[in-house]
Amino acid sequence: MRFREHPLPLPRVVGLVAALLGLLLPLVAFTTPAHAAPTGFRVVNGRLLEASGNDFVMRGVNHAHTWYADRIDSLAHIKAKGANTVRVVLSNGDRWTRNDASDVANVVAQCKQNRLICVLEVHDTTGYGEQSGATTLSRAADYWISVRSALAGQEDYVIVNIGNEPYGNTNYTNWTADTKAAIQKLRGAGFDHTLMVDAPNWGQDWAFTMRDNAASVFAADPDANTVFSIHMYGVFDTAAEISDYLGRFVAAKLPIVVGEFGHDHSDGNPDEDTILAVTQQLRLGYLGWSWSGNGGGVEYLDMVTNFDPNRLTSWGERLFNGANGIAATSEEAAVYGSASGGDTTAPTAPTAPTASSVTASSVALSWGAATDAVGVTGYDVVRISGGTESVATTTTGTTATVTGLAANTSYTFAVYARDAVGNRSQRSATVTVTTSSGGTTGACAVGYRVTGEWPGGFQGEVTVRNTGGSAVNGWTLRWTFPAGQRITAMWGGTPAQSGAEVTVTSAAYTAAIPASGSVTLGFTGTRSGSNPSPTVFSLNGAECSVA
């Protein structure tokens, strides 16, 4: 597969092993060696601080830059969704095409332009000892030294994640010594950055090697400026495992972030709700995997479809807009505050949105563009209820479809504009919309069924029946997918999809539906995880019964 290797861990006796090994972890503060004063980010009492002393909590996502170097605009889109951090995949050239110093400098510049903290990682170390072709942490350290010209002076903005998921499930006990050596090699080469180190066991540390040796690794850093990163997939499928693992680091005053996690995986079903809740409770950082472009059977980990920021998947919707998600909890790094200079002028407010295509569960909104001295990079559509507002969706354009609404309910929406450095406009005027009742008002009935499924995809069939007394000549059928499904091909009609909302216009040979007659459409689509059926359909604006 193109990337993301997380094979099944060795069998675990989680409760007993965790209890026994947990006794070995020092849970008291320790004296750190004398060290140089960091020039940018630094670790103090287990917390990651900016140079200003501001406590910084990462809220962001991973972006697969090394495989998709032409998608650098994704950083602006990630920022527009509310993230304060992006973890960027790079290669040292051992397994994939090397990202040279010029490219790394451009990535850093784009992070800064979009007011994001940049966590840079070498991916070639993934699964060393088990994955063919994987390289060592020492080789990763050599790469960082070779591109140091792009990183020097960027300590306020860049964290160096030495190597992704070093060691698979073979010889992983070597992780401790190898990690210490890589840290010391970088310090010896003059790196003053905060360093981040991933756990072994494909990042999931099911054998607790990182957990039980984190104190000695931290002490081996002469700058005392190392952060630990755990990747939470199938190993972390219960709330108890998540809370226990993170809680031990916090109790020991050792800095920890969840550097990768998802809502599902081939090795098990991670408990993403607990990951989000516990990291918020403990004020720990998290970085979801990943923005877009996943392959090899884990396409369901894409947050947006085909790098389109207006096509959030169900995973993307959960991470960005759900409880304890990025939109609700992210705080921009203080280094980008107005005191640091630069553009501090907000865009003008967009014009009031107008509503169209109102159904029982969705509405399409459009508005006039805002203007800005630098450039508008995104819009936040907010739902207003009394004196509070919540983000309904974000987009880089001037249209958006809001889904997941309740039938026969009044909603009020408005729009904000954001510019390239994160300044936010005044709120636009509002529009109030009442969704349709969802009752059967049209002379039509629709049957929907899944005729076949496979990992990440499915085939479906839609039958449209004319239950009236006169023929239908030309039609438009609409429905809303409930779980991020996307149509990839259709026969019998021409589909268009905006977010979850699907609009199908008749083909020439299906345009006429005689009284008491029917036509059948077929299609293929993609899915991420579950594949529930739509529940509301409308034909030419009238809602149909569901057969």
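Throughout, numbering of the chain's residues begins at 1 and tracks the sequence. Below, each value reflects all heavy atoms present in this structure, side chains not excepted, and no hydrogens, waters or symmetry copies.
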Which heavy-atom pair separates Y509 from G492 by the least distance, and what is that distance? OH-N, 3.0 Å

Would you kindly say whether T125 and N164 are connected by a side-chain donor-acceptor distance under 3.5 Å? no

Starting at SG of C444, measure out to CG of L477 and round the result to the nearest 0.5 Å. 8.5 Å

Backbone N or O of S506 within a donor-acceptor pair of the T510 side chain at under 3.5 Å? no

Salt bridge flag under 4.0 Å for residues R87 and D198: yes

Do you know which two heavy atoms are closest between S470 and A515, and how far apart they sit? N-CB, 3.9 Å

Between the side chains of S366 and T399, is a donor N or O closer than 3.5 angstrom to an acceptor N or O? no

Sequence neighbours excluded, the answer for side chain to side chain donor-acceptor pair (under 3.5 Å) partners of T476 is none

Could you tell me how the ring of H63 sits relative to the ring of H65: parallel (under 30°), tilted (30 to 60°) or perpendicular (over 60°)? tilted

Any donor-acceptor pair under 3.5 Å from T520 side chain to T463 backbone: no

Could you check whether Y379 and Y416 have their ring centres less than 6.0 Å apart? no

Do E331 and N84 have side-chain atoms, one donor and one acceptor, less than 3.5 Å apart? no

Parallel, tilted or perpendicular: rings of F523 and Y448 (30°, 60°): tilted

Let's go through R71 and W291 carefully: what are the C-alpha distance in whole Å and the side-chain angles of both, what is the deciding distance for side-chain contact (heavy atoms from CB on, under 4.5 Å) to 0.1 Å, and is it a yes or a no? CA-CA 11 Å; R71 298 288 190 172; W291 179 247; over 6 Å; no

Going by distance alone, is a donor N or O of one side chain under 3.5 Å from an acceptor N or O of the other, for N269 and D237? no

Sequence-distant partners of T238, side chain to side chain donor-acceptor pair (under 3.5 Å), two or more places apart: E241

Could you tell me which residues satisfy ring pair (Phe, Tyr, Trp, His ring centres under 6.0 Å) with W315, sequence neighbours excluded, listed by chain and number? F261, H263

Under 6.0 Å between the ring centres of W289 and Y233? no

Are E332 and K79 within salt-bridge range, i.e. N to O under 4.0 Å? yes

Will you find, in the side chains of T430 and T412, an N or O donor that is under 3.5 Å from an N or O acceptor? no

Is R318 paired with E272 through a side-chain N to carboxylate O contact shorter than 4.0 Å? no

Ring centroid separation H123 to W96 under 6.0 Å: yes

